[in-house]
Trainee: 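Dropping the structure in here first, questions after.
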Amino acid sequence: MNIRPVPFDHPDAVKLNDQVQAEYHARYGDGGDATTLDPTDFAPPNGVYLIAYDENDSPVATGGWRAQDANGEGNEDGDAELKRMYVIEQARGLGLARRMLAALEEDARAAGRTRMVLETGTKQPEAIALYTSSGYEPWVKFGYYRFHADSRCFAKGL
């Protein structure tokens with residue numbers, strides 16, 4: 001697997017983002033994640049967007065982080081917010097999500113971020129299992145979904 005940075009609006013990123021949004025819709029019955037994201041959110045040094053490619057150079061996994069500092073939505077100075085972690089169905093169970101998560105944590109740490117935070121939902125038990133087994137602990141709800149019952153937030157020091 002080859003993990004490389006791409007712009008958030010790269011065609012492969014758009015393709016995988018459409019797939020993850022469809023999965024959110026299937027699991028939660030709404031229009032997907034309504035969190036506002038701008039391609040510049042993921043531009044270094046204030047973030048990064050990564051895609052993992054298989055041996056055929058097909059995109060199979062994605063994830064990004066964006067800098068967050070203290071705001072009225074529950075973030076603190078030094079936060080890196082994890083966004084759009086996704087592995088295509090055919091590539092699940094191969095450890096790609098764990099490798100992507102490690103790459104994102106390392107990049108955020110190198111950029112001077114001190115904590116990785118994320119929001120997921122109760123209908124994504126495999127995501128919750130990945131994060132808790134990777135050292136993430138439940139955290140105060142933050143962001144767009146902080147008032148939703150299905151929302152779960154986690155954090156890990158970098």
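Since we're looking at a predicted model, the values are computed, not measured.
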Trainee: What's the shortest heavy-atom distance between V14 and D9, and which atoms?
Mentor: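 Distance-wise, the nearest heavy atoms are CG2-O, 3.7 Å.
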Trainee: If we count only N and O atoms by modelled type, under 3.5 Å, do the side chains of D38 and T40 hold a donor and an acceptor together?
Mentor: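 A donor-acceptor contact under 3.5 Å links the two side chains.
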Trainee: So which heavy atom on K123 is nearest to which on Y28, and how close?
Mentor: N-OH, 3.3 Å
Trainee: Hey, any chance I3 and I51 share a hydrophobic cluster, counting ILVMFWY side chains that come within less than 4.5 Å of each other, even indirectly?
Mentor: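 Hydrophobic grouping puts I3 with I51.
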Trainee: Using a 4.5 Å cut-off on heavy atoms from C-beta on, say whether the side chain of E126 contacts that of R92.
Mentor: no
Trainee: Between Q68 and E81, what is the shortest heavy-atom contact and its length?
Mentor: NE2-OE1, 2.8 Å
Trainee: I'd like to know if the side chain of S133 pairs up with that of R98 as donor and acceptor (distance under 3.5 Å, no hydrogens or angles considered).
Mentor: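 Yes, R98 and S133 have a side-chain donor paired with an acceptor closer than 3.5 Å.
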Trainee: Distance from T122 atom OG1 to R27 atom CZ, nearest 0.5 Å?
Mentor: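 Reported to 0.5 Å precision, the distance equals 10.5 Å.
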Trainee: Parallel, tilted or perpendicular: which fits the ring planes of F8 and Y49, with parallel below 30° and perpendicular above 60°?
Mentor: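 Geometry flag for Y49 against F8: perpendicular rings.
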Trainee: Side chains of N75 and V117, heavy atoms from C-beta outward: is any pair under 4.5 Å?
Mentor: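 The answer is yes, as the side chains (C-beta and beyond) meet within the 4.5 Å cut-off.
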Trainee: I'd like to know whether L37 forms a side chain to side chain contact (heavy atoms under 4.5 Å, CB included) with R84, so could you lay out the CA-CA distance, the side-chain angles of the two residues, the decisive distance to 0.1 Å, and finally the verdict.
Mentor: CA-CA 10 Å; L37 299 177; R84 297 297 195 267; 3.5 Å; yes
Trainee: Closest heavy-atom contact between R113 and D69?
Mentor: NH1-OD1, 3.3 Å
Trainee: So how far is it from W139 CH2 to C153 SG, rounded to the nearest 0.5 Å?
Mentor: 11.0 Å
Trainee: Looking at side-chain heavy atoms only, is the closest gap between Y53 and V60 below 4.5 Å?
Mentor: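 Side-chain contact under 4.5 Å: no.
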Trainee: Could you check if a side-chain atom of K83 sits within less than 4.5 angstrom of a side-chain atom of F42, using non-hydrogen atoms only?
Mentor: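 Answer yes - side chains close enough.
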Trainee: Would you check if M85 and L118 make a side-chain contact, meaning some heavy-atom pair closer than 4.5 Å?
Mentor: no
Trainee: Any side-chain donor-acceptor pair under 3.5 Å between S151 and R146?
Mentor: no
Trainee: Using every non-hydrogen atom in the two residues, find where A91 and L96 come nearest and quote the distance to one decimal.
Mentor: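 A91 and L96 have their closest heavy atoms at CB-CD1, 3.6 Å.
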Trainee: Sequence neighbours left out, what passes salt bridge (Lys or Arg N to Asp or Glu O under 4.0 Å) with R115? Give chain and number order.
Mentor: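 Only E76, D79 meet the salt bridge (Lys or Arg N to Asp or Glu O under 4.0 Å) criterion with R115.
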Trainee: Check for a donor-acceptor pair, side chain of N71 on one end and backbone N or O of G74 on the other, with a separation under 3.5 Å.
Mentor: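 Yes, N71 side chain to G74 backbone: donor-acceptor pair under 3.5 Å.
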Trainee: Should the ring pair H148 and Y145 be called parallel, tilted or perpendicular, given that the plane angle runs from 0 to 90° and is split at 30 and 60?
Mentor: perpendicular
Trainee: Please test V6 against D12 for side chain to side chain contact (heavy atoms under 4.5 Å, CB included), starting from the C-alpha separation and ending with a verdict.
Mentor: CA-CA 9 Å; V6 300; D12 290 337; over 6 Å; no
Trainee: Can you list the steps and then say if M1 with D54 is a side chain to side chain contact (heavy atoms under 4.5 Å, CB included)?
Mentor: CA-CA 5 Å; M1 181 177 68; D54 67 11; over 6 Å; no
Trainee: If every non-hydrogen atom of A61 is compared with every non-hydrogen atom of V87, which pair is closest and at what distance?
Mentor: CB-CG2, 3.9 Å
Trainee: Which value, rounded to the nearest 0.5 Å, describes the distance between L82 atom CG and M100 atom CE?
Mentor: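 These two atoms lie 10.0 Å from each other.
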Trainee: Are T132 and E137 close enough that some pair of their side-chain heavy atoms sits under 4.5 Å apart?
Mentor: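 They are not in side-chain contact.
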Trainee: Report yes or no: does D33 contribute a side-chain atom to a donor-acceptor pair with the main-chain N or O of T35 at less than 3.5 Å?
Mentor: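 Yes: the side chain of D33 pairs with the backbone of T35.
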Trainee: Between N17 and Y86, is there a side-chain donor-acceptor contact under 3.5 Å, judged purely by atom types and distance?
Mentor: no
Trainee: Are any of the side-chain heavy atoms of F154 and E119 separated by less than 4.5 Å?
Mentor: no
Trainee: Does any part of the side chain of Y131, heavy atoms only, come nearer than 4.5 Å to the side chain of L101, both counted from C-beta?
Mentor: yes
Trainee: For the pair Q124 and Y24, evaluate side chain to side chain contact (heavy atoms under 4.5 Å, CB included) and give the outcome as yes or no after the intermediate values.
Mentor: CA-CA 9 Å; Q124 294 168 263; Y24 294 152; 3.6 Å; yes
Trainee: In the single-linkage hydrophobic clustering (I, L, V, M, F, W, Y; side-chain heavy atoms under 4.5 Å), do L50 and L94 co-cluster?
Mentor: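 L50 clusters together with L94.
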